[in-house]
Number of protein chains: 2
Amino acid sequence: MRGRRNAPPILPRKAPRQDRSRELVEWILEAATRILAADGLAGLTTNRVAAVAGISVGSLYQYFPNKDAIVVALIERTQRGVAEAVEAVAAQVRDAPLPTAIAAFVDLALHAQYDRSTLAVALDHEEQRLALHIEFAAEQRRIRRSVADTIRPSLRGLAPEAVDEAADDLHLLVRSMVDHAGATGVPRERIRPRVLRAALGYLEACRAEVRSCPR
Amino acid sequence: MRGRRNAPPILPRKAPRQDRSRELVEWILEAATRILAADGLAGLTTNRVAAVAGISVGSLYQYFPNKDAIVVALIERTQRGVAEAVEAVAAQVRDAPLPTAIAAFVDLALHAQYDRSTLAVALDHEEQRLALHIEFAAEQRRIRRSVADTIRPSLRGLAPEAVDEAADDLHLLVRSMVDHAGATGVPRERIRPRVLRAALGYLEACRAEVRSCPR
DNA sequence: ACCTGAACACCGTTCAAGT
DNA sequence: ACCTGAACACCGTTCAAGT
């Protein structure tokens with residue numbers, strides 16, 4: 001477990017119980033969102049967030065222990081949206097053949113990568129950096145479950161944990177390829193077949209393994 | 001081509017032609033290496049680098065236009081080592097069957113991820129951030145060529161550019177899975193078979209494509 | 001009890017002054 | 001021509017002073 005030592009407190013300082021507090025947190029996140037969308041990470045300073053939110057820096061620090069905590073909160077919010085989208089796709093392709101279902105997931109990833117704002121791109125990078133210090137486990141599990149449910153019928157005979165692992169691998173594989181393509185300027189229609197090949201190839205390899213040593 | 005606008009000058013300010021200059025650059029990089037190894041990215045400040053290198057900050061800025069340029073230089077140096085290792089492996093498995101060859105590449109990646117210093121981990125993260133502003137193209141091409149040479153015999157009938165793409169995909173896929181496993185604490189022997197499955201599955205999917213529509 | 005914002009510590013970068 | 005390091009601008013974070 002590398003990189004987990006000395007983890008600074010990154011979570012929100014206190015759960016905003018009162019309405020006013022909740023509102024304040026909302027203002028802060030809204031301000032951060034607007035700044036990120038306009039100027040990216042370079043423009044995001046705590047003083048600017050406070051100014052745009054219409055409060056003082058001191059107040060900001062009452063709700064977030066440091067700057068990263070603001071970014072983490074935004075990432076969590078974004079990830080919730082991603083998890084919901086994945087669940088929606090999973091529901092839609094419940095009875096579709098595997099290649100169709102996988103294609104739907106891949107297209108969702110492509111959409112997320114190619115049709116999105118500076119904001120989302122900036123958050124994506126921070127997510128990778130912060131992932132070493134904090135776990136975005138809850139949303140990760142929702143995504144895993146949706147993918148696992150989708151591929152399970154095709155992997156009959158595989159241990160449940162193996163299906164979960166396959167779902168995680170598939171998720172990572174698709175996301176890595178799509179992210180990298182987007183970052184290096186490979187056009188969407190050029191990367192799509194390659195991602196599909198990787199995803200379906202991986203699943204086919206899993207099936208071959210089941211066939212060769214069934215349980 | 002996202003993220004390439006406003007690219008600040010990140011390359012070394014001047015090629016150190018004289019011996020003394022070359023020595024200075026060497027001192028700077030050595031100091032940076034030592035600091036990164038000891039304290040990670042958080043400890044890397046230009047003033048500290050200068051102090052450890054035994055020069056003044058001003059001199060440092062004569063050879064590197066900014067802090068990132070130092071990190072980029074270190075990354076390039078590291079990548080040269082990686083490219084050499086890949087080439088060595090490729091030469092070793094030249095006549096081995098495909099699964100053996102792929103396993104050798106995967107083991108190289110596993111070794112790089114699991115048996116390395118704080119320094120390498122820190123550089124890895126910076127590489128992903130800086131990749132948006134600068135291309136580490138030369139070493140990338142060397143790696144691509146080695147992998148492409150290795151898989152080409154198994155992909156007879158595929159267009160040359162398609163083989164290169166497959167090599168890039170394979171590289172990315174292996175590296176992403178291994179990096180992620182290392183970062184989340186998945187033990188090496190648990191991730192190994194999954195990476196092999198992904199890599200070989202992808203290649204098998206490529207071969208299936210060739211068979212279904214030969215040229 | 002909570003908000004304010006000047007102040008602190010620190011960092012990347014510059015540039016007038018030296019040699 | 002090249003090096004030096006104080007100084008500048010700026011940023012994250014704190015805390016004494018207010019209400």
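Keep in mind it's a predicted model, so treat the numbers as computed, not measured.
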[X] [atom1] - [N] [atom2] separation (whole Å):
{"X": "A:Trp27", "N": "C:dC3", "atom1": "CH2", "atom2": "P", "answer": "10 Å"}
{"X": "B:Ile70", "N": "C:dC11", "atom1": "CD1", "atom2": "P", "answer": "14 Å"}
{"X": "B:Glu23", "N": "D:dC3", "atom1": "CD", "atom2": "P", "answer": "12 Å"}
{"X": "B:Leu41", "N": "C:dG12", "atom1": "CG", "atom2": "C1'", "answer": "15 Å"}
{"X": "B:Ile35", "N": "C:dC11", "atom1": "CD1", "atom2": "P", "answer": "11 Å"}
{"X": "A:Tyr61", "N": "D:dG12", "atom1": "OH", "atom2": "C1'", "answer": "4 Å"}
{"X": "B:Gln62", "N": "D:dA1", "atom1": "CD", "atom2": "C1'", "answer": "9 Å"}
{"X": "A:Tyr63", "N": "C:dT4", "atom1": "OH", "atom2": "P", "answer": "10 Å"}

Worksheet, complete the sentence: Output for pair (A:Ile28 CD1, A:Glu26 CD), nearest 0.5 Å, gives 10.0 Å
Worksheet, complete the sentence: pair_partner(C:dA17), Watson-Crick or wobble, both distances < 3.5 Å, evaluates to none
Item to complete: Searching all strands shown, indicate the nucleotide that pairs with C:dA9 (Watson-Crick or G-U wobble; both distances under 3.5 Å).
Response: none
Worksheet item: Choosing from D:dC3, C:dG12, C:dT13, which nucleotide comes nearest the side chain of B:Asn66?
Response: C:dT13
Worksheet entry | Candidates C:dT13, D:dG12, D:dC3 - which lies nearest the side chain of A:Lys67 | D:dG12
Is any side-chain N of the basic residue among [X] and [Y] closer than 4.0 Å to the acidic one's carboxylate O?
{"X": "A:Arg190", "Y": "B:Glu165", "value": "yes"}
{"X": "B:Asp124", "Y": "B:Arg116", "value": "yes"}
{"X": "B:Asp68", "Y": "B:Arg129", "value": "yes"}
{"X": "B:Arg145", "Y": "B:Asp164", "value": "no"}
{"X": "A:Glu84", "Y": "A:Arg77", "value": "no"}
{"X": "B:Arg192", "Y": "B:Glu189", "value": "no"}

Discussion item. Please classify the nucleic acid contact of B:Leu60 as base, sugar-phosphate, or nothing, using heavy-atom distances under 4.0 Å.
Written reply: nothing
Are there any protein N/O atoms within less than 3.5 Å of an N/O atom in nucleotides 5-7 of chain C, and if so, which ones and at what distance?
residue	atom	partner	partner atom	Å
C:dG5	O6	A:Gly58	N	3.4

